[in-house]
Amino acid sequence: MTSAIREAFPVLGRAGFHYLDSAAMAQTPGRVVEVVAAHDLAARANVHRGLHEMARLADDAYDAAREAVAGFLGAGADEVVFTGGCTLALNIAARALAGRLGPGDTVAVSRLEHHSSCLPWLALAAERGFELRWLAVTADGRLDPAGLSVIDRRCKVVAVTHASNVTGAVTDIPLVAGVAHAAGAVLVVDGAQMAPHGKVDPRALGADFYAFSGHKTYGPTGVGVLWGRREVLAELPPALFGGGMVGEVSDTGFTWAEPPRRFEAGTPPVAQAVGLAAALDWMAGLDWPAVRARLALLTRRMLDGLTALPGVGIVGPGEMEARLPVVSFTVAGCHPHDLSHLLAGRGVAVRGGHHCAQPLMRVLGLDEGCVRASLAAYSDAADVEALLDGVAAAIAVLR
Ligand SMILES: Cc1ncc(COP(=O)(O)O)c(C=O)c1O
């Protein structure tokens, strides 16, 4: 089955190429590239503005893409906001909620967060005068349930990742949602790492906002999604201003369009949204239980193979429960960048550094960061063996 999946990705046919950086960006099926090109060649127009033929085609394609994302999330199309990426989605959520926050309030973010999910709140805390509280993580890089006790009645927003881009740990979102909602707080979930691993249902999880990226979900770059619970979106002001998000404009003010367009100022990523829909359609054709079972075996092999090498320490859970096929590690005496560089020389693509997660690196005591190998539906045993051979060879050189 892997080879049938791999055939959809022309780049994976390159001899000696082992792509283990899917948590940064998944490769995209050739079909998705064709759909984007076909859209731009036949229906390239702005949306919800023109009445000519191209404009109508673009409107239809963009609306259909929104429906496709809604289907992926088990949501209504009116709850799906297209953005330029997950970072922009999380910033829009923060900006839209900013007016509710001030001195005396708190916002809780976890130490697992990618900078995209904590910096918008850190920046707003300085601007609006509320207190930022950090939710603790366990030594193996999971959200620590005991740390949720800092969420009290003063807490207005809780921001957590559904799955860590470093440790691969999957957060118990229903647990966090229960605590957040009992305190009266809004829950913003960063789904960038989880969405590539099959359908998610943010409403059922208890989220109020859920964000993910197109480019990690086998789709184009330059597109992301902010899902917002209908009742929450309806009450919030826009975060960005410009064409498309207004009703009437006078010399002294303007009215807001209804969600989701209220949150889509300017020309949206039309062709990219259409491409994302094609990517989600490709994902829908996979046998996810089989894909997950295969990736779990490969992850186990990575964890065991790496642990057997001298000086290797795993960053994140050692067990398979509630974790993604994302494995980060350190090698005593080897800088992550040197290791990544040597692996690149063998055609093995991994990521080394702090992974845009410096608060987590600090609390785990990883001053120099770590190396991350991450799998996607197309990853196979040869990729994992190439990684293990490469790390063993690098250790022999560097230590
Ligand atoms: C957990 C997590 N959140 C957010 C982002 C940012 O996503 P984007 O590149 O779409 O802005 C990333 C990207 O690495 C991520 O891993």
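Treat the numbers as computed from the prediction; the structure is a model and nothing was measured. The analysis underlying the following values was restricted to heavy atoms, covering all of them including side chains, and did not include hydrogens, waters or symmetry mates.
In this structure, CG in L324 is found 5.5 Å from CE in M194, a value given to the nearest 0.5 Å. Taken from CZ in R301 to CG in L297, the straight-line distance is 12.0 Å, to the nearest 0.5 Å. From T255, atom OG1 reaches atom CZ of R262 across 9.5 Å, with rounding to the nearest 0.5 Å. Annotation: the span from Q193 atom CD to T171 atom OG1 amounts to 11.5 Å, rounded to 0.5 Å. To the nearest 0.5 Å, atom CG of residue L339 and atom CG of residue L398 are 6.5 Å apart. Atom CD1 of I395 is separated from atom CG of L309 by 4.5 Å, given to the nearest 0.5 angstrom.
Atom CD of E53 has 12 or fewer heavy atoms from other residues, nucleotides or ligands within 6.0 Å. For R128, the CZ atom is densely surrounded, since the number of other residues' heavy atoms within 6.0 Å is greater than 12.
With hydrogens and angles ignored, the 3.5 Å screen pairs a side-chain donor or acceptor of S164 with a backbone N or O of V166. Here the side chain of H215 pairs no donor or acceptor atom with the backbone of S213 at under 3.5 angstrom. Here the side chain of E131 pairs no donor or acceptor atom with the backbone of V107 at under 3.5 angstrom. A donor-acceptor distance shorter than 3.5 angstrom exists from the side chain of D105 to the backbone of G102, with no hydrogens or angles considered. Without hydrogens or angle criteria, T167 side chain to G316 main chain gives no donor-acceptor distance under 3.5 Å. Side-chain atoms of R292 come within 3.5 Å of backbone N or O of H197 as a donor-acceptor pair. Panel note: side chain K199, backbone F72; no donor-acceptor pair is recorded below 3.5 Å. A donor-acceptor contact shorter than 3.5 Å links the side chain of R294 to the backbone of A377. In this structure, S117 contributes its side chain and H114 its backbone to no donor-acceptor pair below 3.5 Å. Judged by distance alone, the side chain of Q27 and the main-chain N or O of Y218 form no donor-acceptor pair under 3.5 Å.
Each of V232, V160, V179, L205 was checked for a side-chain contact (heavy atoms from CB on, under 4.5 Å) with L187, and the lone residue meeting it is V160. The only option from R229, R66, R230 that meets the salt bridge (Lys or Arg N to Asp or Glu O under 4.0 Å) definition with D78 turns out to be R230.
Contact annotation: the side chain of L119 never approaches that of W121 to less than 4.5 Å [non-hydrogen atoms, C-beta and beyond]. Taking the side chain as every heavy atom from C-beta outward, L175 and I173 never approach each other to under 4.5 Å. With a 4.5 Å cut-off on side-chain heavy atoms, R203 and W227 count as touching. When side chains are defined from C-beta on, D367 does not count as touching R362, because their heavy atoms never get closer than 4.5 Å. The shortest side-chain heavy-atom distance between V188 and V158 does not fall under the 4.5 Å cut-off. Taking the side chain as every heavy atom from C-beta outward, D208 and E231 never approach each other to under 4.5 Å. Within the 4.5 Å cutoff, the side chain of R44 has no heavy atoms near those of the H39 side chain. Annotation: side chain of T83 is not in contact with side chain of V223 (no heavy-atom distance under 4.5 Å).
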From CA spacing to verdict: side chain to side chain contact (heavy atoms under 4.5 Å, CB included), F209, D190: CA-CA 8 Å; F209 286 98; D190 176 356; over 6 Å; no
Decide yes or no on side chain to side chain contact (heavy atoms under 4.5 Å, CB included) for L143 and L148, but give the supporting numbers first. CA-CA 9 Å; L143 186 69; L148 297 177; 4.2 Å; yes
With side chain to side chain contact (heavy atoms under 4.5 Å, CB included) as the criterion, how do L375 and V326 come out once you've worked through the C-alpha distance, each side chain's angles and the decisive distance to 0.1 Å? CA-CA 6 Å; L375 309 181; V326 172; over 6 Å; no
Before you tell me yes or no, could you show the steps for F82 and F263 under ring pair (Phe, Tyr, Trp, His ring centres under 6.0 Å), namely the whole-Å CA-CA distance, both residues' side-chain angles and the distance that decides it to 0.1 Å? CA-CA 8 Å; F82 280 119; F263 302 98; over 10 Å; no
In sequence, state the C-alpha distance, the side-chain angles, and the governing distance for V327 and S374, and then conclude on side chain to side chain contact (heavy atoms under 4.5 Å, CB included). CA-CA 6 Å; V327 175; S374 52; over 6 Å; no
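R133 has a carboxylate O that lies under 4.0 Å from a charged side-chain N of D152, or vice versa, which qualifies the two as a salt bridge. The pair D304-R300 meets the salt-bridge criterion, with a side-chain N (NZ, NE, NH1 or NH2) lying under 4.0 Å from an Asp/Glu carboxylate O.
Using modelled atom types, one finds a donor on one side chain and an acceptor on the other under 3.5 Å when comparing S22 with Y378. Side-chain polar atoms of D144 and T138 form no donor-acceptor pair below 3.5 angstrom.
When all heavy atoms of H115 and A357 are compared, the closest pair comes out as NE2-N, 3.4 Å. Contact between A195 and Y210 at its shortest, heavy atoms only, is N-OH, 4.4 Å. Nearest approach of L295 to A376, heavy atoms of both residues: CD2-O, 3.4 Å. The shortest non-hydrogen separation linking Y62 to E264 is OH-OE1, 2.9 Å. Heavy-atom minimum distance, N165 versus L112: OD1-O, 4.4 Å. What you find for N46 and A58 is that their closest heavy atoms are O-CB, 4.3 Å.
If you look at F212 and H162, their ring centroids are not closer than 6.0 Å. The six-membered or imidazole ring of F9 lies near that of W282, with a centre-to-centre distance under 6.0 Å.
Applying the side chain to side chain donor-acceptor pair (under 3.5 Å) test to pairs two or more places apart or on separate chains, those with a residue in residues 317-339 are R142-E319.
V363 is connected to L366 through a chain of hydrophobic side-chain contacts under 4.5 Å among Ile, Leu, Val, Met, Phe, Trp and Tyr, so both are in one cluster.
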